[in-house]
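As structure tokens, the structure follows; a few thoughts come after it.
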Amino acid sequence: AQKITQTQPGMFVQEKEAVTLDCTYDTSDQSYGLFWYKQPSSGEMIFLIYQGSYDEQNATEGRYSLNFQKARKSANLVISASQLGDSAMYFCAMREPYKLSFGAGTTVTVRA
Amino acid sequence: DTGVSQNPRHKITKRGQNVTFRCDPISEHNRLYWYRQTLGQGPEFLTYFQNEAQLEKSRLLSDRFSAERPKGSFSTLEIQRTEQGDSAMYLCASSPPPRYRANYGYTFGSGTRLTVV
């Protein structure tokens with residue numbers, strides 16, 4: 001069963017604007033973790049941000065913030081002030097309980 | 001912290017040949033994971049080691065696939081009698097014991113891209 005759903009295959013965003021990437025998840029565990037990774041064309045997986053299920057505050061890391069809505073089981077990534085270097089594939093993932101399960105990803109293209 | 005190293009970066013092989021990939025995790029990381037990623041998709045879990053013990057294998061890991069982690073250090077992933085459907089990026093990741101980092105500290109290598117012709 002699909003545990004991580006990313007419904008946006010691709011998105012275009014204008015440089016300096018914000019973009020929101022959607023992620024919904026399915027789990028019956030009370031303790032879990034949600035991650036966002038960036039994968040540029042070079043192939044490496046770059047960790048962006050983490051949200052624990054018991055964290056009361058939404059996670060933020062520089063230009064990245066995670067909009068965590070536990071009741072809706074969603075963990076959307078917001079990238080503020082987009083840069084050309086943000087063009088990449090973005091994956092939402094959930095820890096269960098030690099391995100990561102990934103969504104299908106969203107391709108983001110930043111336009112100048 | 002020198003990162004997770006994977007070799008080779010690229011491998012082209014003929015159908016039916018055997019291939020072996022190597023992953024060197026971060027030295028203090030006791031957990032090691034293998035994933036497979038096909039074009040345009042997210043990584044899919046293959047197998048997981050804690051120290052030298054292989055604790056879980058995905059159903060994706062057919063009998064032609066075998067992974068080892070002798071002495072709990074580097075790991076190898078071997079594919080026997082390769083098929084065209086095995087063409088993918090094979091990613092390795094490692095993580096320390098959970099108590100070390102709140103975000104579990106998963107670190108990925110750059111992957112080995114396999115092409116079966």
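As the structure is a computational prediction, the values presented were derived from the model and not from experiment. Numbers restart at 1 for each chain; the letters A, B, ... are given by sequence-line order, proteins then strands.
The aromatic rings of B:Phe108 and A:Phe102 stand perpendicular to each other, their planes meeting at an angle above 60°, with 30° marking the opposite boundary. Classification of the B:Phe21-B:Tyr90 ring pair by plane angle, with boundaries at 30° and 60°, yields tilted. Relative orientation of the A:Phe35 and B:Tyr106 rings is perpendicular, given thresholds of 30° and 60° on the angle between their planes.
Put simply, of B:Gln6, B:Met89, B:Glu56, B:Arg113, the one with the most heavy-atom pairs under 4.5 Å next to chain A is B:Glu56. Taking A:Glu44, A:Lys99, A:Gln39 one by one and counting their heavy-atom pairs under 4.5 Å with chain B, the maximum is reached by A:Lys99.
A:Met89 touches chain B through its side chain: at least one heavy atom from C-beta onward sits under 4.5 Å away, while N, CA, C and O do not. With a threshold of 4.5 angstrom between heavy atoms, A:Ser101 does not approach chain B through any atom at all. Looking at A:Leu100, both its backbone and its side chain come within 4.5 Å of chain B, counting heavy atoms on both sides. Both the backbone and the side chain of A:Tyr98 come within less than 4.5 Å of a heavy atom of chain B.
Using a distance-only test at 3.5 Å, with no hydrogens or angles considered, no donor-acceptor pair links the side chain of A:Thr5 to the main chain of A:Gly103. For the pair A:Asn58 (side chain) and A:Phe68 (backbone), a donor-acceptor distance under 3.5 Å is present. Distance alone, capped at 3.5 Å, places no donor-acceptor pair between the B:Arg64 side chain and the B:Ile79 backbone.
Note that the CG atom of B:Asp24 and the OG atom of B:Ser73 stand 7.5 Å from one another [nearest 0.5 Å].
For a heavy-atom cut-off of 4.5 Å, chain A lies close to B:Tyr33, B:Tyr35, B:Gln37, B:Gly40, B:Gln41, B:Gly42, B:Pro43, B:Phe45, B:Tyr48 in residues 33-51 of chain B.
Here A:Phe12 sits alone; no ILVMFWY side chain lies under 4.5 Å from its own, so it joins no hydrophobic cluster.
More than 12 heavy atoms of other shown residues, nucleotides or ligands fall within 6.0 angstrom of atom CZ in A:Arg63.
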